[in-house]
Structures are given as structure tokens and as C-alpha cells.
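Take a look at the structure below.
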Amino acid sequence: MDRNQLRRQVALTRQSLFDQGFLDEQFIQLEELQDDANPNFVEEVVSLHYRDSARLISNIEKALENNPLDFNKLDGYMHQFKGSSSSIGAKKVKAECTLFREYCKAGNGEGCMRTFQQTKKEYATLKRKLETYFQLARQAGPADTACRPK
């Protein structure tokens, strides 16, 4: 694939992340912070998110094994995870986090378990899609500027 084809593929891949509801406006704001001095800023922020959130997921998994469940602790962990996910524009993950927190407030352990499985699924799917996107972007070389999705 030549460079122009790669850039088109990068643009299509990026657009699909918005069209499919995986990313929101926050991702664009991150892109706007990227410049020549730090051309990998977005990828670095996303990598930090995934590294740090692995600890939060582990904490939530451990807390879900307790009986009885400590809904306040679960809500606190999910609040942190939701904030981290929001910072990269992870729209579907954030929506699942919100639902999980509602189940915590209602004291619904089964709802928490079910929603957490869906949260992890959305998290893994987005991670895979972003890894593909960043790999294509690196192959295509530096982009001109960030642009808003259609």
C-alpha cells in the first residue's frame, strides 16, 4: 500500500471508531493536543490509560469475589475507571461504567457482575481497534492535522 492509500485507510479506520460509537469528542480533543513536538501524544495517553486501567480492572474483579459485596468500594473503583476511560473518549466503555455504578447504587450484585463482563468486553474491543488504528497511523507517517468526524 502506498502512503496515500495508508492515510485513507487510517482516516476510514478512525471514522469507523466514531461511527460505531466507540469514541467521542474527547478523543478529538486529545488529537488537538498532539503536535510536531509530540507526534505520538494520543497513542501515549491511550497506552497509559490501558496500563493504568489494568490495575483498576483487577481491583474490581477482586472486589466482585467478596461476599457480601462492598458496593461503595466497587463504585469507587468504577468511578476511577470511568474517569480514565472518559479521558480517552471511550464512549461505550464509559456508558457501561455508568450502568455498573447505577447497579452499585441499587445494591444489585448480579447487575454489577453482568455489566462488568460487558464493560471488559467493550474495553478489550476498543483496545484492539485502537491498536490497529495506531499501527496503521505509524505506517502512514505523520498526519497533517486532526479533524472532526463527519
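Residues: numbered from 1 along the sequence shown. Predicted model, so just to flag it, every value in this text is computed and none were measured.
- Interatomic distance, CG of Asp75 versus CD of Gln80, reported as 10.5 Å (0.5 Å rounding).
- Once rounded to the nearest 0.5 Å, the distance linking CG of Leu17 with NZ of Lys92 reads 10.0 Å.
- Both Met113 and Tyr123 are assigned to one and the same hydrophobic cluster, defined by single-linkage of ILVMFWY side chains at heavy-atom distances under 4.5 Å.
- In terms of heavy-atom proximity, Tyr77 sits nearest to Ile60 at CB-CG1, 3.5 Å.
- Here the closest non-hydrogen pair linking Lys91 and Gly21 is CB-O, 3.4 Å.
- Checked by atom type and distance alone, the side chain of Gln26 never pairs as donor or acceptor with a backbone atom of Ile88 at under 3.5 Å.
- Rounding to the nearest 0.5 angstrom, the gap separating the CD atom in Glu102 from the SG atom in Cys97 is 11.5 Å.
- Using a 4.5 Å heavy-atom threshold, the side chains of Lys129 and Gln20 count as touching.
- Between Leu69 and Gly109, the shortest heavy-atom distance links the atoms CD1-CA, 3.5 Å.
- Under the 3.5 Å distance criterion, the side-chain polar atoms of Asn108 are matched with a main-chain donor or acceptor of Glu110.
- When the shell of 6.0 Å around NZ of Lys120 is examined, it contains more than 12 heavy atoms from other residues, nucleotides or ligands.
- Residue Ser87 holds its OG atom at 7.0 Å from CG of Leu30, rounded to the nearest 0.5 Å.
- A donor-acceptor pair under 3.5 Å links the side-chain atoms of Asp2 to the main chain of Gln5, judged by distance alone.
- In this structure, Phe22 and Phe27 have side chains that are not in contact, with every pair of non-hydrogen atoms separated by 4.5 Å or more.
- Leu99 CG to Met78 CE: the interatomic distance, rounded to the nearest 0.5 Å, is 9.5 Å.
- Under the 4.5 Å side-chain criterion, counting only non-hydrogen atoms from C-beta, Glu96 is not in contact with Phe116.
- A 4.5 Å side-chain heavy-atom check between Phe100 and Leu74 finds at least one atom pair inside the cut-off.
- A salt bridge links Glu43 and Arg138; the closest N-O separation between the charged side-chain nitrogens and carboxylate oxygens is under 4.0 Å.
- A single hydrophobic cluster is seen to contain both Leu130 and Leu33, as judged by linkage of ILVMFWY side chains at heavy-atom distances under 4.5 Å, directly or through other members.
- When side chains are defined from C-beta on, Gln118 counts as touching Glu122, because their heavy atoms get closer than 4.5 Å.
- With rounding to the nearest 0.5 angstrom, the CD atom of Gln117 is 12.0 Å from the SG atom of Cys112.
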Check the pair Arg8, Asn4 against side-chain contact (heavy atoms from CB on, under 4.5 Å), reporting the backbone distance first and the verdict last. CA-CA 6 Å; Arg8 274 193 297 280; Asn4 286 333; 4.0 Å; yes
Go through Phe71 and Tyr103 one step at a time and tell me if the ring-ring contact (aromatic ring centres under 6.0 Å, His included) criterion holds. CA-CA 9 Å; Phe71 290 106; Tyr103 283 127; 10.0 Å; no
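- A pairwise comparison of heavy atoms in Lys94 and Ser86 identifies CD-OG, 2.8 Å as the closest pair.
- Around NZ of Lys62, the count of heavy atoms belonging to other residues, nucleotides or ligands within 6.0 Å does not exceed 12.
- Inter-residue side-chain proximity for Asn59 and Phe81 is flagged as unmet; no heavy-atom pair is nearer than 4.5 Å.
- A 4.5 Å side-chain heavy-atom check between Asp35 and Phe41 finds every atom pair outside the cut-off.
- When only modelled atom types and interatomic distance are considered, Glu44 and Asn40 share no side-chain donor-acceptor pair under 3.5 Å.
- Ion pairing between Arg14 and Glu31 holds under the 4.0 Å rule for side-chain N and carboxylate O.
- The shortest distance between side-chain heavy atoms of Leu136 and Gln9 falls below 4.5 Å.
- Screening Leu126, Val93, Thr119, Leu56 for a side chain to side chain contact (heavy atoms under 4.5 Å, CB included) involving Ser85 leaves a single residue, Val93.
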Residues Val10, Gln139; criterion side-chain contact (heavy atoms from CB on, under 4.5 Å); working and verdict: CA-CA 9 Å; Val10 168; Gln139 290 173 4; over 6 Å; no
